[in-house]
Number of protein chains: 2
Amino acid sequence: MDSDLYEMPGMENARVTIKDVARAAGVSIATASKALNDRGRMTVETRQRIRDVAASLGFMPNAMARALVSQRSFTIGLLTNDTYGRFTLPVAAGLSAALIDCGVSVFLCAFEDDAGQAAINLRSMLEKRVDGLVIAGKRIDRGLPIELPRLPMPVVRVNSLCSDDQIGFVPDDREGALTAVNHLIACRRRRIAHVTGPTSFLAVRLRAEGWEQAVQAAGLPLLDGPQSGDWSEAFGFRSGQQLLAMPPAERPDGVFCGNDQIARGLIDALTVGGLRVPDDVSVVGFDNWEVLAKATRPPLTTIDMGLNELGRQAGSTLLDLVAGKHVEPGVRRLACRLVVRSSCGAQPL
Amino acid sequence: MDSDLYEMPGMENARVTIKDVARAAGVSIATASKALNDRGRMTVETRQRIRDVAASLGFMPNAMARALVSQRSFTIGLLTNDTYGRFTLPVAAGLSAALIDCGVSVFLCAFEDDAGQAAINLRSMLEKRVDGLVIAGKRIDRGLPIELPRLPMPVVRVNSLCSDDQIGFVPDDREGALTAVNHLIACRRRRIAHVTGPTSFLAVRLRAEGWEQAVQAAGLPLLDGPQSGDWSEAFGFRSGQQLLAMPPAERPDGVFCGNDQIARGLIDALTVGGLRVPDDVSVVGFDNWEVLAKATRPPLTTIDMGLNELGRQAGSTLLDLVAGKHVEPGVRRLACRLVVRSSCGAQPL
DNA sequence: CTCGATTGGGAATACGTTTTCTCTAAACGA
DNA sequence: TCGTTTAGAGAAAACGTATTCCCAATCGAG
């Protein structure tokens, strides 16, 4: 390709090196470097003159040369098997936000659950000498499909399995469930059911614990153990139909759903069956997947897992680790947040 | 932090340099480099011995040192204002797939529609000397919220505004609409309506053109111009209610929706109103947003925009550009694909 | 036996920065 | 006036790799 194609109009030419700046300012490379990085001693006039020259030439330091000497790439890797992005994207946004202030960029590697792919991507990151690694998963009781060897850089985990000597950030599922059920109770619901995903998920078991705990603490009857199925609207719909088939006296007046899809399906079934939400039955979901929660009729009150905040904290912790600070190992469970819409009868904020 | 923490078990130590390999193999650095890169002349034994030594030491070339000398970072940037990830994530997956074979990684920069953020991210990529840039947007008639100066690297655009002298990849909206409507016609629908998003979107106007064209080509009556609203389920629901209010003779027996959310809302309204889908009214959507399309009752037949393929082609084209090959400027419109489910009465594949 | 060609391998340089050390000249105190 | 400090600036080494020469040894032909 003709390199003239990329010629810049004076400003912003990426080919300008510090040597050009030094020459144009009539100083040595060392002095130029010090002027631009606020290091060393020199008259304010010299410093300013060099900076002006650099700016007018559109000088941009070559990050790789800088990395080579400083042994820091100002780059971190985000390794995830969530190609769908349901969880990882909000995490990535929080992560970037926490890092961009420090000039750190993020390499994204999303791969299907295939160990070969994962290994290639990991190797690529190691060669690029990322300063740290964030491992993001889809569930808190599974790691990535590859064995991570002892890595030459700090690692933090988000929404992923994490042993006690590692550092991880996950939503506090039990507390989230407590919050959800307490909201139903505050809305004067007495018979609160729980319809949720497969019990093989740790998150399901934790949320069920929260449900039980809240119900018992309020002295309410504990209905039959959680209804467990898959994470789909279809399962929610079937559960809603079962609810309709119950004698009205036995019927729950509140349902805490394991995710928003189930909640949506359940509400649709109840509506089709002639029950009113929230008047006859209040429903609260989990995830705050806005495209779903906002479109539900009525809009769904649900629990936000704070994925963005998870990413943000993971980022700043990783920066601490890179800087050599000590960080206590272990899993941090971050609080979830209730998002009130209209499916429980409470006033939306 | 204690650096022993990161000590590796012999293998996989990132601190091993080519100098260590050379010393261990009893050769010079130059020879080691040539052995590992299949360059220069030497006996096969020497070459193999050096490679074995490198492997046993867990040598990994430092990508930044390599980049410095080769003037190639083996890195490309993905700049997007789609923080929600609806469009960008599939694009990113295709992109990565096309690049990983060549050892190229991707920097992800997602930012809200804020010029300051955008500029910071762009600058960061320029400093990191990415070999090329992919600009991904949310709609084909808007660019990013920043003025891109003449950049010192090739750029391709995906799902974003693109002038004739630039290189871009977008879905072929008109052709997709044609496919959708022709499918309705193949399902023996005669009165085909179009319910879609705001006409300020070029995509909306193109899809409307495709609708008209297909209807007229089949000699069917052209119903009142497209119903235009916002991209929401709520609008789809209201449109469905209006349909129910029409005299049955005037009522469309097929609806082509501008996206899956509208289709979902519309189907829900029809179902609540007692009309059967697909028997009374067939519906086809646009986007193939699986979480929505699969959960619709009945599952939604829709148009897949091939975002993944868009990303893949953008990636390989960018690699060509980086390699200096000539690429004809202009916008490529990639074919969409019909995904048959159950909302039109045709047999799902 | 000599000359040229070929083969295997190494020395040196470059890539663009940062940083340490050294040097000069000016300022200052006695 | 002489030594001592200090301000200002530059020379050089380092980071890890790829590459361009160059050199020594071996070999074959005449």
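Side chains included, hydrogens not; waters and symmetry mates left out as well; all remaining heavy atoms used. Throughout, a chain's letter reflects where its sequence line sits, starting with A, and its residues are numbered from 1. What you are looking at is a predicted structure, and each value in this text was computed from that prediction instead of being measured.
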Check: For dA18(D), does either OP1 or OP2 sit under 4.0 Å from a side-chain N or O belonging to Ser33(B)?
Finding: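 Yes, such a contact exists.
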Check: If we fit an axis to the first five pairs and another to the last five of the helix from dC1(C)-dG30(D) to dA30(C)-dT1(D), what angle do they make, to the nearest 10°?
Finding: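 End-to-end axis angle for the helix from dC1(C)-dG30(D) to dA30(C)-dT1(D): 60°, rounded to 10°.
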Are [X] and [Y] within salt-bridge range, i.e. N to O under 4.0 Å?
X: Asp38(A); Y: Arg51(A); answer: yes
X: Arg49(B); Y: Glu45(B); answer: no
X: Asp131(A); Y: Arg72(A); answer: yes

All N/O pairs under 3.5 Å across the protein-nucleotides 5-7 of chain D interface:
unit_1: dA7(D); atom_1: OP2; unit_2: Arg41(A); atom_2: NH1; d: 2.8
unit_1: dA7(D); atom_1: N7; unit_2: Arg41(A); atom_2: NH2; d: 3.3

Please tabulate the protein-to-nucleotide N/O contacts below 3.5 Å involving nucleotides 25-28 of chain D, giving atom names and distances.
none

Checklist line | Among dT19(C), dC15(C), dT17(D), the one nearest Phe59(B) by side-chain distance | finding: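 Looking only at heavy atoms from C-beta outward on Phe59(B), the closest nucleotide is dT17(D).
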Item checked: Backbone N/O of Lys34(B) and side chain of Arg47(B): donor-acceptor pair under 3.5 Å ->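 It does hold such a pair.
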Checklist line | ring pair (Phe, Tyr, Trp, His ring centres under 6.0 Å) contacts touching residues 95-120 of chain B (sequence neighbours left out) | finding: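 Every ring pair (Phe, Tyr, Trp, His ring centres under 6.0 Å) pair that includes a residue of residues 95-120 of chain B, provided the two are not neighbours, is Phe107(A)-Phe107(B).
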Checklist line | Sequence neighbours excluded, every pair satisfying ring pair (Phe, Tyr, Trp, His ring centres under 6.0 Å) that has a member inside residues 112-152 of chain A | finding: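 For residues 112-152 of chain A, and leaving out neighbouring residues, there are no ring pair (Phe, Tyr, Trp, His ring centres under 6.0 Å) pairs at all.
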Notebook entry, point to check: Between Ala32(B) and Pro61(A), which has a closest nucleotide on DNA chain C that is more 5'?
Noted result: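 Mapping each residue to its closest nucleotide by heavy atoms, the 5'-most match is Ala32(B).
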Protein-nucleotides 11-14 of chain C N/O pairs under 3.5 Å:
none

Note to self: Please determine whether side-chain hydrogen bond (donor to acceptor under 3.5 Å, both in side chains) holds for the pair Thr88(A) and Thr80(A), giving the CA-CA distance in whole Å, both sets of side-chain angles, and the decisive distance to 0.1 Å.
What the structure shows: CA-CA 7 Å; Thr88(A) 296; Thr80(A) 178; 2.9 Å; yes
